[in-house]
Trainee: 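The structure that follows is given in the form of structure tokens.
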Amino acid sequence: QVQLVESGGGSVQAGGSLRLSCAASGRPVWTYALGWFRQAPGKEREIVAAITWNGGSIYYVDSVKGRFTISRDNAKNTVYLQMNSLKPEDTAVYYCAAERSFGLVSRPSEYDYWGQGTQVTVSS
């Protein structure tokens with residue numbers, strides 16, 4: 001079992017930045033693909049970014065390219081999401097997820113482990 005705990009959410013004005021962290025426990029996740037998802041009220045959960053076990057492949061949804069950066073520190077069992085130039089449409093609950101895979105995993109249905117989520121609110 002893998003437990004995931006997100007932190008770093010909050011409220012910012014448009015144009016601001018936040019850095020989300022997701023700490024894993026239970027077992028080392030260096031062999032796991034990791035991802036960040038978000039869900040806004042009334043909308044489906046969507047992929048934001050995903051990263052392979054060694055950081056060799058990364059995926060971003062088009063709406064965050066150039067603004068968000070996903071990274072991981074396997075020694076710390078942690079994945080990060082640096083979010084810059086935030087927009088009101090980025091407002092959502094952000095979740096991290098883990099799946100034991102050496103490939104890139106981008107669909108919510110493919111992830112077995114999820115955090116509880118952290119709220120990000122961007123005001124205009």
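Predicted, not measured: the structure shown is a model, and the values here were computed from it.
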Trainee: Can you list the residues that meet the side chain to side chain donor-acceptor pair (under 3.5 Å) rule with K43, with sequence neighbours excluded?
Mentor: none
Trainee: Any pair with a residue in residues 34-85 that passes disulfide bond (SG atoms under 2.5 Å apart), sequence neighbours left out, goes on the list, sorted by first then second residue, please.
Mentor: none
Trainee: Ignoring hydrogens, what is the shortest heavy-atom contact between T78 and S21? Give both atom names and the distance.
Mentor: CG2-CB, 4.4 Å
Trainee: Indicate if W53 and I70 have the same hydrophobic cluster label, given that clusters are the connected sets of ILVMFWY residues with side-chain heavy-atom separations under 4.5 angstrom.
Mentor: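 Different clusters: W53 never reaches I70 through Ile, Leu, Val, Met, Phe, Trp or Tyr contacts under 4.5 Å.
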Trainee: Quick check for you: to the nearest 0.5 Å, what is the distance between S63 atom OG and K87 atom NZ?
Mentor: 8.0 Å
Trainee: Quick one: which residue pairs count as a disulfide bond (SG atoms under 2.5 Å apart) with a foot in residues 4-120, not counting sequence neighbours?
Mentor: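 The answer is C22-C96.
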Trainee: For V120 versus G9, what's the shortest heavy-atom pair and its separation?
Mentor: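 It is CG2-CA, 4.2 Å.
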Trainee: Which atom pair, heavy atoms only, marks the closest approach of Y113 to L4?
Mentor: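 Taking Y113 first and L4 second, the nearest heavy atoms are O-CD1, 3.6 Å.
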Trainee: How close do V93 and G117 get, heavy atom to heavy atom, and via which atoms?
Mentor: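 Heavy atoms only, the tightest pair is CG1-CA, 3.8 Å.
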Trainee: What residues form a side chain to side chain donor-acceptor pair (under 3.5 Å) with T91, not counting sequence neighbours?
Mentor: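 Partners of T91 by the side chain to side chain donor-acceptor pair (under 3.5 Å) criterion come out as none, since no residue qualifies.
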Trainee: Identify, with sequence neighbours excluded, every residue that meets side-chain contact (heavy atoms from CB on, under 4.5 Å) alongside Q13.
Mentor: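 S123.
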Trainee: If you measure from CD on E110 to CD1 on I47, what distance do you get to the nearest 0.5 Å?
Mentor: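 One finds 9.5 Å between CD of E110 and CD1 of I47.
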Trainee: Quick check for you: to the nearest 0.5 Å, what is the distance between S71 atom OG and I51 atom CD1?
Mentor: 6.5 Å
Trainee: Please tabulate, one pair per line, all N/O donor-acceptor pairs under 3.5 Å involving side-chain atoms of residues 26-35, not counting sequence neighbours.
Mentor:
none

Trainee: Got a sec, which residues hit ring pair (Phe, Tyr, Trp, His ring centres under 6.0 Å) with F37, two or more places apart in sequence or on another chain?
Mentor: Y111, W114
Trainee: According to salt bridge (charged side-chain N to carboxylate O under 4.0 Å, His left out), does anything in residues 69-81 pair up with another residue at least two apart or in another chain? List the pairs.
Mentor: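 For residues 69-81, and leaving out neighbouring residues, there are no salt bridge (charged side-chain N to carboxylate O under 4.0 Å, His left out) pairs at all.
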Trainee: If you group Ile, Leu, Val, Met, Phe, Trp and Tyr by side-chain heavy-atom gaps below 4.5 Å, do I58 and M83 land in one group?
Mentor: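 Cluster IDs for I58 and M83 match.
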Trainee: Taking the side chain from N77 and the backbone from A24, do they hold a donor-acceptor pair closer than 3.5 Å?
Mentor: yes
Trainee: Under the ring-ring contact (aromatic ring centres under 6.0 Å, His included) rule, what pairs show up with a residue in residues 58-89, not counting sequence neighbours?
Mentor: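 Those involving residues 58-89 do not exist here.
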Trainee: Report the C-alpha distance between E46 and R38 in whole Å, list the side-chain angles of each, state the deciding distance to 0.1 Å, and finish with yes or no for side chain to side chain contact (heavy atoms under 4.5 Å, CB included).
Mentor: CA-CA 6 Å; E46 67 167 351; R38 64 187 179 187; 2.7 Å; yes
Trainee: Backbone N or O of T52 within a donor-acceptor pair of the S57 side chain at under 3.5 Å?
Mentor: no
Trainee: How would you list, by chain and number, every residue that makes a side chain to side chain donor-acceptor pair (under 3.5 Å) with Q82, sequence neighbours excluded?
Mentor: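 Checked Q82 against side chain to side chain donor-acceptor pair (under 3.5 Å); matches are N84.
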Trainee: I need the minimum non-hydrogen distance between S124 and A14, along with the two atoms involved.
Mentor: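 Looking at all heavy atoms of both residues, the shortest contact is CA-CB, 4.3 Å.
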Trainee: Tell me, please, which residues at least two apart from R67 pass salt bridge (charged side-chain N to carboxylate O under 4.0 Å, His left out).
Mentor: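 Partners of R67 by the salt bridge (charged side-chain N to carboxylate O under 4.0 Å, His left out) criterion, ordered by chain and then number, come out as D90.
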Trainee: Restricting to non-hydrogen atoms, name the atom on S17 and the atom on S85 that form the minimum distance, rounded to 0.1 Å.
Mentor: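 Minimum heavy-atom contact is OG-N, 4.3 Å.
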Trainee: Can you find a pair of side-chain heavy atoms, one from E6 and one from Q116, that are under 4.5 Å apart?
Mentor: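 Side-chain contact under 4.5 Å: yes.
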Trainee: Got a list of side-chain donor-acceptor pairs under 3.5 Å for residues 99-109, not counting sequence neighbours?
Mentor:
from	atom 1	to	atom 2	distance (Å)
E99	OE1	D112	N	3.0
S101	OG	G103	N	2.9

